[in-house]
There are 2 protein chains.
Amino acid sequence: MDGLEAREVAYFVAVAEELNFSRAANRLGIAQPPLSRAVKQLERRLGVVLLERTSRRVTLTAAGQVLLNEGRRALDALAAAARRAQRAGQQDPRLVLVTKAVGDGGMLPEILAAYESEPDAIKVDVLFCGFGEQTVLLRSGVADVGLLHGRPDLTGLDFEDLLVEHQIAVLPARHRLAGRAAVTLADLDGEAMPRFAGMRHDGTEGPEVHDAGQLMQLIAMGRTTAILPESARGYLAGDLVCVPVLDAPPSTMMIAWPEQSRSPALATFVRAATDVAARRRVRCGPDSGYDGNQLRDS
Amino acid sequence: MDGLEAREVAYFVAVAEELNFSRAANRLGIAQPPLSRAVKQLERRLGVVLLERTSRRVTLTAAGQVLLNEGRRALDALAAAARRAQRAGQQDPRLVLVTKAVGDGGMLPEILAAYESEPDAIKVDVLFCGFGEQTVLLRSGVADVGLLHGRPDLTGLDFEDLLVEHQIAVLPARHRLAGRAAVTLADLDGEAMPRFAGMRHDGTEGPEVHDAGQLMQLIAMGRTTAILPESARGYLAGDLVCVPVLDAPPSTMMIAWPEQSRSPALATFVRAATDVAARRRVRCGPDSGYDGNQLRDS
DNA sequence: ACGAGCGATACCGTGGAGGTATGGATGGGC
DNA sequence: GCCCATCCATACCTCCACGGTATCGCTCGT
């Protein structure tokens with residue numbers, strides 16, 4: 001009748017992840033017998049068997065699978081609630097913006113300036129992180145708002161598109177295509193492409209990269225190439241060149257924030273960011289993303 | 001250090017909703033002193049003041065506001081996890097579909113037939129409910145999948161559009177516009193329109209309706225009129241007539257399900273539904289929703 | 001000024017969470 | 001084939017904390 005206790009669910013999740021009571025108990029910092037009891041009690045309350053235990057192996061039932069998924073989400077939500085309340089509670093409230101190093105489309109300074117000129121602006125902490133970590137930080141309540149690229153998993157987040165950019169290939173200086181004025185995806189067929197950590201896996205093979213520096217280094221070494229939004233141009237290290245990719249799908253940069261957490265500060269910030277993006281779109285023409293570029297006339 | 005307990009959060013939410021410890025305690029079925037202590041302990045753990053109490057009035061702090069919002073969501077997620085696990089656990093698994101009485105766009109029988117002809121189909125329970133209850137039932141784990149109309153709040157849900165329909169005005173038989181072959185929104189200006197319970201409030205005034213029967217009755221009584229999707233035609237009671245509304249925005253019917261709960265059965269069902277909708281779109285022409293109608297040539 | 005309403009405090013009893021010791025089953029090693 | 005390691009369940013104990021009752025202190029309405 002009474003709702004579940006978070007502790008019980010956390011215990012179950014630990015067991016379900018380890019598939020081993022002793023290890024799970026160890027991880028939780030408790031002894032194994034209380035853990036066995038707690039899980040059994042959870043099963044009794046739900047009236048459902050969650051784990052099939054032989055004395056040798058633990059496996060998840062269908063119900064267990066469901067509770068593992070949903071329970072994790074619920075626990076995350078609870079932890080995020082706590083963190084957000086804590087952050088909202090301390091005076092001198094901050095807005096934490098998370099982006100990756102080359103992921104701001106070159107608009108970050110402008111967005112920050114626009115927001116800071118708002119009358120009710122509060123301080124903004126900018127947090128740079130590796131690829132794919134943004135959504136995690138947003139969901140967990142560490143960050144309030146993020147600038148994202150690509151097609152990350154956005155469940156639990158609200159978002160708005162900011163900027164559509166054409167894409168460029170980043171190549172080592174002595175690459176066979178480095179001299180070209182433009183290339184197509186067909187030209188790049190067979191090139192190694194990095195897997196961006198945290199992105200939805202799209203089956204491509206290649207080195208896994210976590211931040212822009214790594215990526216640039218790998219490209220300079222000739223170990224991979226990359227297709228990036230036009231705005232990445234400004235971040236190129238010395239030995240790299242970039243070439244427009246004519247037929248690459250445009251890359252969308254968006255601003256995202258935790259679902260339904262529209263605090264006044266957040267709302268103001270989102271509006272400031274979309275305003276900046278709108279101004280930039282007007283300045284650069286309605287159909288294009290980043291500033292005027294040679295794709296327009298092709 | 002340790003994560004929050006669900007009980008504490010539930011207690012806090014009750015107090016925050018009532019803004020009165022005694023009433024909240026009563027609602028929770030406990031005495032007032034333990035509730036005071038629990039909330040205070042929660043505040044101590046978070047290191048944040050959630051409630052400003054004078055001995056006369058209780059108000060929420062900013063942090064309290066945040067925890068009220070986020071905590072409610074987290075508790076919902078926890079309860080939903082429990083219910084879904086329970087449902088997944090019982091043998092003879094069912095898929096619970098929720099729709100409102102006139103909300104299926106006339107496709108429900110066809111969708112059910114399509115799904116049931118799938119090799120791995122399981123039993124489908126169809127649950128009819130009042131306007132705006134679908135999203136609640138989906139989020140709370142009572143239902144697995146729903147057919148929705150209008151623009152309900154879809155946070156926490158994934159969805160796919162099924163069908164775009166033109167809209168018709170439903171009028172009492174002796175209404176001044178009842179004889180018209182078609183009307184525009186301007187014609188209907190000033191008419192009473194119902195407020196659909198659970199929809200986002202769009203400022204309209206009028207009686208609040210919870211189900212189709214109520215609505216039809218109110219229309220027949222001349223107390224209100226309504227703009228409904230074309231497919232509602234089939235559900236009209238005796239004394240009502242309907243007239244196409246030429247310039248009403250098309251109404252989108254969609255299928256929605258809890259975020260990230262793509263069980264195999266659900267995935268199959270969603271695919272069956274989208275297939276049916278796709279076939280219908282092809283049958284009726286690419287630009288329109290419900291079957292061919294006089295709007296095409298206007 | 002007094003009483004009603006409300007939250008905080010003090011104190012107590014019990015249920016349950018967690019610990020230790022141990023049993024019972026299973027599978028791998030020799 | 002025997003034995004031991006592994007692993008989950010059971011039994012039993014301890015103690016904290018959750019909930020209850022009684023009461024205080026403050027505040028506002030009359």
Side-chain angles (χ1 to χ4, degrees), chain A residues 1-61 63-65 67-68 71 75 78 82, chain B residues 1-61 63-65 67-68 71 75 78 82:
Chain A
M1 174 90 17
D2 192 29
L4 291 193
E5 272 313 310
R7 187 181 44 81
E8 293 178 323
V9 178
Y11 285 5
F12 165 75
V13 167
V15 175
E17 285 176 352
E18 299 282 349
L19 289 178
N20 179 315
F21 279 74
S22 305
R23 274 201 304 275
N26 189 34
R27 205 178 89 185
L28 293 166
I30 64 172
Q32 168 259 318
L35 180 56
S36 284
R37 259 192 326 172
V39 172
K40 180 169 296 184
Q41 174 174 333
L42 177 60
E43 288 178 314
R44 220 191 44 228
R45 280 202 210 182
L46 291 175
V48 160
V49 179
L50 299 169
L51 298 166
E52 213 62 68
R53 316 90 150 129
T54 74
S55 75
R56 206 61 193 167
R57 195 178 315 288
V58 175
T59 58
L60 281 171
T61 64
Q65 281 285 359
L67 189 63
L68 175 57
L75 293 177
L78 209 58
Chain B
M1 176 96 8
D2 192 31
L4 293 192
E5 272 314 310
R7 186 181 46 79
E8 292 178 322
V9 177
Y11 284 5
F12 165 75
V13 167
V15 176
E17 285 176 353
E18 299 282 350
L19 289 177
N20 179 314
F21 279 74
S22 305
R23 276 200 305 273
N26 188 33
R27 205 179 87 186
L28 293 166
I30 65 173
Q32 169 259 319
L35 180 57
S36 283
R37 261 191 325 166
V39 172
K40 181 170 296 187
Q41 174 174 334
L42 178 60
E43 288 179 316
R44 222 191 44 228
R45 279 202 211 186
L46 291 175
V48 160
V49 179
L50 299 169
L51 298 167
E52 213 62 67
R53 318 79 156 137
T54 74
S55 74
R56 205 61 194 167
R57 195 178 314 288
V58 176
T59 58
L60 282 171
T61 65
Q65 280 285 359
L67 189 63
L68 175 56
L75 293 177
L78 208 60

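Throughout, protein chains are lettered first and strands after them, A, B, ... in sequence-line order, and every chain is numbered starting at 1.
- Using a 4.5 Å cut-off on side-chain heavy atoms (C-beta onward), B/L51 and B/F21 make contact.
- Smallest separation of non-hydrogen atoms from A/L68 and A/A16: CD1-CB, 3.9 Å.
- Sorted by first and then second residue, the salt bridge (Lys or Arg N to Asp or Glu O under 4.0 Å) pairs involving residues 47-58 of chain B (not counting sequence neighbours) are B/E43-B/R53.
- Scanning all heavy atoms of the two residues, the minimum distance from A/L78 to A/A6 falls at CD2-CB, 3.6 Å.
- Considering only heavy atoms from C-beta on, A/V48 stays 4.5 Å or farther from A/L67 through its side chain.
- One atom, CZ of A/R23, and another, P of D/dT6, lie 12 Å apart when rounded to the nearest Å.
- Atom CD of A/E43 is separated from atom P of D/dA9 by 9 Å (rounded to the nearest Å).
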Worksheet item: Along nucleotides 14-30 of chain C, 5' to 3', which nucleotides get a B, which get an S, and which get a -, given that the test is a protein heavy-atom distance under 4.0 Å?
Response: ---SBBBB---BBS---
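- Atom CG of B/N26 is separated from atom P of C/dG7 by 12 Å (rounded to the nearest Å).
- Taking side-chain N and O atoms only, A/S36 has a distance below 4.0 Å to OP1 or OP2 of D/dA9.
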Could you tabulate the donor-acceptor pairs under 3.5 Å formed by side-chain atoms of residues 32-40 of chain A, not counting sequence neighbours?
unit_1	atom_1	unit_2	atom_2	d
A/Q32	NE2	A/S36	OG	3.1

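- Taking atom CG on A/L35 and atom C1' on D/dC7, their separation rounds to 13 Å, with Å as the unit.
- A close approach under 4.0 Å does not occur between any side-chain nitrogen or oxygen of B/N20 and OP1 or OP2 of C/dG5.
- Under 4.0 angstrom from either OP1 or OP2 of C/dT9 there lies at least one side-chain N or O belonging to B/K40.
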